[in-house]
Each structure stands twice: as C-alpha cells, then as structure tokens.
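Shown next, in structure tokens, is the structure this report addresses.
Proteins get letters first, then strands, A, B, ... in listed order; numbering begins at 1 in each.
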Number of protein chains: 2
Amino acid sequence: MNDRSTSAPLPRGLRQTWGSGTAAGRPGPKAMLSLPGIASSAIALADAEGAEALSLGRIAERLGVTTNALYRYVDSRDDLDVIVHDHALGAPAGIPEGEDWADAAAAWCRALRDRYARHPWLSDMRVRIPFAPHSLAWLEDLLERLEGSGLGDRETLQAAGLLDGYVRTRAGAVRDLLRADAGTPDPGLLIREIGAERFTARVPRVASLMSSGLYRSPQAVADEDFEFGLDRILAGLRQLAGG
Amino acid sequence: MNDRSTSAPLPRGLRQTWGSGTAAGRPGPKAMLSLPGIASSAIALADAEGAEALSLGRIAERLGVTTNALYRYVDSRDDLDVIVHDHALGAPAGIPEGEDWADAAAAWCRALRDRYARHPWLSDMRVRIPFAPHSLAWLEDLLERLEGSGLGDRETLQAAGLLDGYVRTRAGAVRDLLRADAGTPDPGLLIREIGAERFTARVPRVASLMSSGLYRSPQAVADEDFEFGLDRILAGLRQLAGG
DNA sequence: ACCTGAACACCGTTCAAGT
DNA sequence: ACCTGAACACCGTTCAAGT
C-alpha cells in the first residue's frame, strides 16, 4: 500500500535529530561540529539578524568553518531548515494542565505562542509537513489534551489542526508587525499617496478602520486579540463536543 | 501623530497597481512591457513550475527582455512579489450572498479558498501586511459581510482576521499535500527509518493517527475538513454575536 | 570521516552606456 | 524614459583533494 516510489530517503540531518545518533567510535578525524551546535549557531544568527540572514555561509562563518563543511552534517539547506526550526521550537514542557480539555488546549496554544514570541523569525521559515521530533511532540501533546473532549479521531485531528494553525497565523501577524518598523509602508502613507478620496471610495470600511488606528495597530495583535480568536474556536469546538 | 520617520516611500510597482497609472503621453521610447503583462508572465511561470521558479531572470526571459529591464517597472523583488500576488489573487467577484452574515462570511471563505486552489503557489509567497488593491478589496468585502453581525468595530476586525487566517492556513495545508508527491518523505518511511517501536513510544497518538491513514492524508485536507473548521469558527462567532 | 579550496549556475541589485 | 551589457556580492551545491 505504501509504495510511493518517489519518496526520498530521510535526509541525514533529520534522521540524526531523531536520535539514530552517530555511532560512538567510528574511524577518521574527530568532528569539529555537531548538529545541535550548528542549530544553536543558526538560531543565534536568526535571533540577531532575522531569518533572511540565515545562510550556510553565515552559519559556517560563526562556527569558524568553511561553508561546505556543513554538508557533512546536513544534506541540503532544506534539511538544515527543518533542524533549525525544530531546535528553536524546542520540546513542549511546563504547559499547564487546565480544568477541562478546552482549558488544557488553550494552555497549549499560549505555550506555543510563547515559543514563537521567543523566536519571531520562526514564522518566516518554510514549515512543511512536520516530521521533526519536537514538532511532532507538540502535536502529540495537543492530541493528548483533546482526548477528554469525546471527539472522534478524525475530529480530534481536525481540531488540532485548527488550533495549531490559529497560533501560527497569529505568530505570523506578530512578526509582520515587528517588521513594520523597517521598510514596510505604513497605512497613513499609503492613503496619502493613493489619495484619500479614491482610497475611501474603493475600500471604505478598510479606510475607516485604518484611520481609527485599529487596522494592524500594535493592539490588533495583542494578547487580548489572541484570546478573542482562541475563545471563538474553543467555543465552537465545545459546542460540537458537549452537545 | 503619523510621523514614523523610517517609513519608506511606496514602491513604484505597488503605486502603479493602485491606478496612479502612467501618464499617457510622456517622452522617451515606448515601453515594451507593462506591469500587468509582467505579472501575467510571472503567474504563468509559477503555475507551470511553482513559486521557487520565480525569479527576475526567468520572468524577463519569458518576456524576451533583459533582467534589468524589469527595474523600470518595479523597485525590487519584494515589490514585484506584492504585485504578482495581488494579480493572481484577483478582485473578489461573484461571491454568493448568503442567508445571514455568517452564511455570507462562509461564502467569502470558500471563494478565497478557490482562488488559492487555482494558484497553489500563492501559499508560498511571503504575504506581508496587505496593501495591494485586490487584497484590500477582499478584506473590504468580508467586512461588509460581517456588518450584519452586530459585532463592534474591533471585534469585526478580529473576526475578519480569524476567518482570513483560517482560509490561508488551509490553503497552505493543501499546498503541502500537493508537494508531498515529490521530495517530502512520507509518514511510512519516517516510521520505518526511525524504528516503529521508538516512534510509537515517543509520540503514540501521532503514530496511531499515521498508521490509521488519517494523518495528513488527502482526505485530511478535503473540503469536508475545510467545512469543519469553518463551521467551528462561525459557531463561535455566532455565539458571541447572537448571545 | 571530516574539512578545505576551487568551481558552477544562479540570484538580486547597481551603474554606465546606448537609443 | 526604456532597455542593454557588464559587474558585484551572495547564494546553494558539486567535486577533487588533502589529512
């Protein structure tokens, strides 16, 4: 059944992260680097200069090594990205339990949001279907929390995807706002350059929200708004589960 | 109040898209290209080869022109991306009205989903805070649909963000799955390489869902699942509005 | 087995011409 | 004003050495 012949073998970096670790005493010179060390270096770089500063060359430079040396640890840039993402995300830990399943799920969402807040550039990384250990551990943790809901397997998975997607979307909004300081045009400038009359004629409601300061303002991505969407989603899920 | 001194001037491509169009008879040679023409060419390229094939060189090649020629129409690659995204998205049109505001919002969500389905690579494009005309027209349309809800301005904007984010997250999931054919490892391979026992020990619920075929299977991103999340969100919003 | 050095194709961006 | 051609710094990736 599972003979998808095109499926590539697991990249070496990802396989290593799963702990099929390097056999202890193998021949040849000692390694100067390690996968966690490479990941930490990349994270420090991204923390300091953002995701767009990430490159094999810059990471290698920090490690005092040639770019090509990294290919002993990683198959490709994509492979590295998966490792860096997972390392920066970290394992789920210390997440409060909550009164009931929905409360527990809410705690999970806030904990994930906090991880993204620690490394805003995580929102800039291309996250494909998660196959890395920490990513799957987070999913596992959420699935466990949803077990008390009485939802079926399919619905539980759907609910998990809904909540997970919500947190990540929100993290992206926060990231956008952090970036808005540099480069991005601000709403006021846009309206001025387009012409207030024309702008108002074409998108009156948007214009009204922009001039009210509500549109994409810092408060529009504040904790309060995070809770708004979370509450709505959980209310919808509760209605389905408890009904 | 609005003196954010770091705000850059509006990129020329974006300004042009807003219809501050080229003044008719200006001096110099006639232009060989046009912004819509450039965007169309880029869209055709992305449709054929995906977002990662998009580059100034490849687009220029299709247009029979040198890479640098594009800089007469666009300030930067980022500027171009905004135009291409907005052009591929298109203006909102032909979206059913719906019985009530929630129904109307649902129709909006399905319409946006369909646009992403037409150009799956849209999910791969870095969409910053939307300032392009079609993007804002979509937002405007949704805000109009939410007017009957009785929610306040702030809540309406929050609800719009919630719905919009949901559709885009879903579109990304669909894109991931379309890509899964090539390159990405499949769940079965992962479990085999990691070792089924170790894998099951670490993430038992995930392992169970994977072996049940539910995890990230085609049906997990089917229309049925789209409706699941949409229904939950709308139920949550209805509860807040109608209560 | 690990790392270096040289090379390749490609990328976005700039600058000085040409017309 | 538009487009070309040459150049720049940078990118990921490969290959053949060296140790």
[atom1] of [X] versus [atom2] of [N]: gap in Å, rounded?
| X | N | atom1 | atom2 | result |
| --- | --- | --- | --- | --- |
| B:Leu63 | D:dC3 | CG | P | 10 Å |
| B:Leu54 | C:dG12 | CG | C1' | 14 Å |
| B:Ile38 | D:dC2 | CD1 | P | 11 Å |
| B:Glu61 | C:dC10 | CD | C1' | 12 Å |
| A:Leu70 | C:dG5 | CG | C1' | 15 Å |
| B:Leu33 | D:dA1 | CG | P | 17 Å |

Is the phosphate of [N] approached by [X] (side-chain N or O, under 4.0 Å from OP1 or OP2)?
| X | N | answer |
| --- | --- | --- |
| A:Ser55 | D:dC11 | yes |
| B:Arg77 | C:dG12 | yes |
| A:Tyr73 | C:dC3 | yes |
| B:Tyr71 | C:dT14 | no |

Let's see if you can work this out: which of [options] has an atom nearest to the side-chain heavy atoms of [X]?
| X | options | result |
| --- | --- | --- |
| B:Leu56 | C:dT13, C:dC11, D:dC15 | C:dT13 |
| B:Arg72 | C:dC2, C:dG5, D:dC3 | D:dC3 |
| A:Met32 | C:dC3, D:dC3, D:dT13 | C:dC3 |
| A:Arg58 | D:dT4, D:dC11, C:dT4 | D:dC11 |

Sugar-phosphate, base or nothing in reach of A:Ser76, heavy atoms under 4.0 Å: sugar-phosphate
Can you find a heavy atom in the side chain of [X] that is under 4.5 Å from one in the side chain of [Y]?
| X | Y | value |
| --- | --- | --- |
| A:Arg77 | A:Leu54 | yes |
| A:Trp121 | A:Ile43 | yes |
| A:Leu139 | B:Val203 | no |

Validation row, ring centre B:Trp18 to ring centre B:Phe131 under 6.0 Å: no
For C:dT19, the Watson-Crick or wobble counterpart (both distances under 3.5 Å): D:dA1
C:dT13 pairs with, by Watson-Crick or G-U criteria that keep both distances under 3.5 Å: D:dA7
Lys NZ or Arg CZ of B:Arg110 over B:Phe226 ring: under 6.0 Å, within 45°: no
Comparing B:Asn68 and B:Arg12 on DNA chain D - which has the more 5′ nearest nucleotide: B:Arg12
5' priority, DNA chain D, between A:Glu52 and A:Asp75 [closest heavy atom]: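 First, find each residue's nearest nucleotide; the 5'-ward one identifies A:Glu52.
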